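Each chain gets a letter, A, B and so on, in the order its sequence line appears, and its residues count up from 1. What you are looking at is a predicted structure, and each value in this text was computed from that prediction instead of being measured.
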There are 2 protein chains.
Amino acid sequence: MLRIGEVAARSGVSVRALRYYEEQGLLAAPRSPSGQRRYPEDAVDRVHFIQLLYAAGLTSKDVLELLPCVHTGTATPAMMARLLEQRDRIDGQIAELTRARERLDEVIRVGREHVVADAS
Amino acid sequence: MLRIGEVAARSGVSVRALRYYEEQGLLAAPRSPSGQRRYPEDAVDRVHFIQLLYAAGLTSKDVLELLPCVHTGTATPAMMARLLEQRDRIDGQIAELTRARERLDEVIRVGREHVVADAS
DNA sequence: CTTGCCTCTGACGTCAACGTCAGGTCCTAG
DNA sequence: CTAGGACCTGACGTTGACGTCAGAGGCAAG
């Protein structure tokens, strides 16, 4: 059983973030007799997964809706719909990022041919 | 010369957003004698570009630093560095999104085999 | 026993990109 | 010339994922 600081260090997020995750219902935190949080070992992996979904643009509410399905391996039709919806949204986001990347590349190519001195 | 509402309608952003862009120095807005904003036709394209960069995770400050280079076609070494930095950041973001997408796909595949009834 | 670090619970602060509201001006169709 | 939509400038409100601070308790070492 890990203490909160240990989980934070291993997963690369802040202690505050872990308490926030618990508050949002994303990460259960069993307590020691004195009331301190004691996390199972796999909490670190769960945190990584949560972070991945955050980075993909999901909100805490979105994550909360998908987590049961993720951890149990079963899904209701409504959950499946949400999963597909999120996947499509991510696909769209990747497409948008790709377009932005191409535009930036274009600017970079043109810029290389017209480099001027710094304005200091 | 377009009025602000017209630009908003054509570019798909709000009037408030356009005023915000001006406030941030991202989009110049010449004024009519009575003080109303009159935009040149290409303002719509500029707004689209700004939106694209926002969607790619850049802040107003980031956009402000890159815009001169974009519109003049010339870049200082410092600007080139920022351009490359942003491009790399976007690449990283695409990679992260791709990982998230793969994980979600995995969940979807497993979920398909274990669909249960709705709870309620 | 005490020092010092970790942890606890509130609860207010932050930051970005706007939303929204108030009170006043502009302008164009009828 | 007037009604009503579009526009103006402040200025406060919003949202999400935490940061940060205050005050108090827990815990292993010496």
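Evaluation of the side chain to side chain donor-acceptor pair (under 3.5 Å) rule for B:Arg99 yields no partner, not counting sequence neighbours. Every side-chain contact (heavy atoms from CB on, under 4.5 Å) that B:Thr74 has, sequence neighbours left out, goes to A:His114, A:Val116, B:Thr72. Listed by chain and number, the residues in a side-chain contact (heavy atoms from CB on, under 4.5 Å) with A:Thr98 are A:Ile94, A:Glu102, B:Ile94 (sequence neighbours excluded). The side-chain contact (heavy atoms from CB on, under 4.5 Å) search around B:Arg101 returns A:Arg87, A:Ile90, A:Asp91, B:Asp105, not counting sequence neighbours. Residues satisfying the side chain to side chain donor-acceptor pair (under 3.5 Å) criterion with A:Glu85, sequence neighbours excluded, are absent altogether. In terms of the side-chain contact (heavy atoms from CB on, under 4.5 Å) criterion, residue partners of A:Val15 (sequence neighbours excluded) are, by chain and number, A:Ile4, A:Ala8, A:Arg19. Remark: B:Arg31 pairs with B:Glu22 by the side chain to side chain donor-acceptor pair (under 3.5 Å) rule, at least two apart or across chains.
Taken residue by residue, residues 26-44 of chain A places heavy atoms nearer than 4.0 Å to DNA chain D at A:Ser34, A:Gln36.
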Validation: residues 48-69 of chain B side-chain donor-acceptor distances under 3.5 Å, sequence neighbours left out:
from, atom 1, to, atom 2, distance (Å)
B:His48, ND1, B:Val44, O, 3.4
B:Gln51, OE1, B:Tyr21, OH, 2.5
B:Tyr54, OH, B:Ser60, OG, 2.7
B:Thr59, OG1, B:Lys61, N, 3.3
B:Thr59, OG1, B:Asp62, N, 3.2
B:Thr59, OG1, B:Asp62, OD2, 3.3
B:Asp62, OD2, B:Thr59, N, 3.0
B:Glu65, OE1, B:Arg82, NE, 3.4

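Rounded to 10 degrees, the angle separating the terminal axes of the helix from C:dC1-D:dG30 to C:dG30-D:dC1 is 10°, with each axis obtained from five end pairs.
Applying the ring pair (Phe, Tyr, Trp, His ring centres under 6.0 Å) test to every pair with at least one member in residues 68-111 of chain A, sequence neighbours left out, gives no pairs at all.
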Every protein N/O within reach of nucleotides 15-19 of chain D N/O, cut-off under 3.5 Å:
from, atom 1, to, atom 2, distance (Å)
D:dA17, OP1, A:Ser60, N, 3.3
D:dA17, OP2, A:Tyr20, OH, 3.4
D:dA17, OP2, A:Ser60, N, 3.3
D:dA17, OP2, A:Ser60, OG, 2.8
D:dC18, OP2, A:Tyr21, OH, 3.0
D:dG19, OP2, A:Ser14, OG, 2.5
D:dG19, N7, A:Arg16, NE, 3.3
D:dG19, O6, A:Arg16, NH2, 3.2

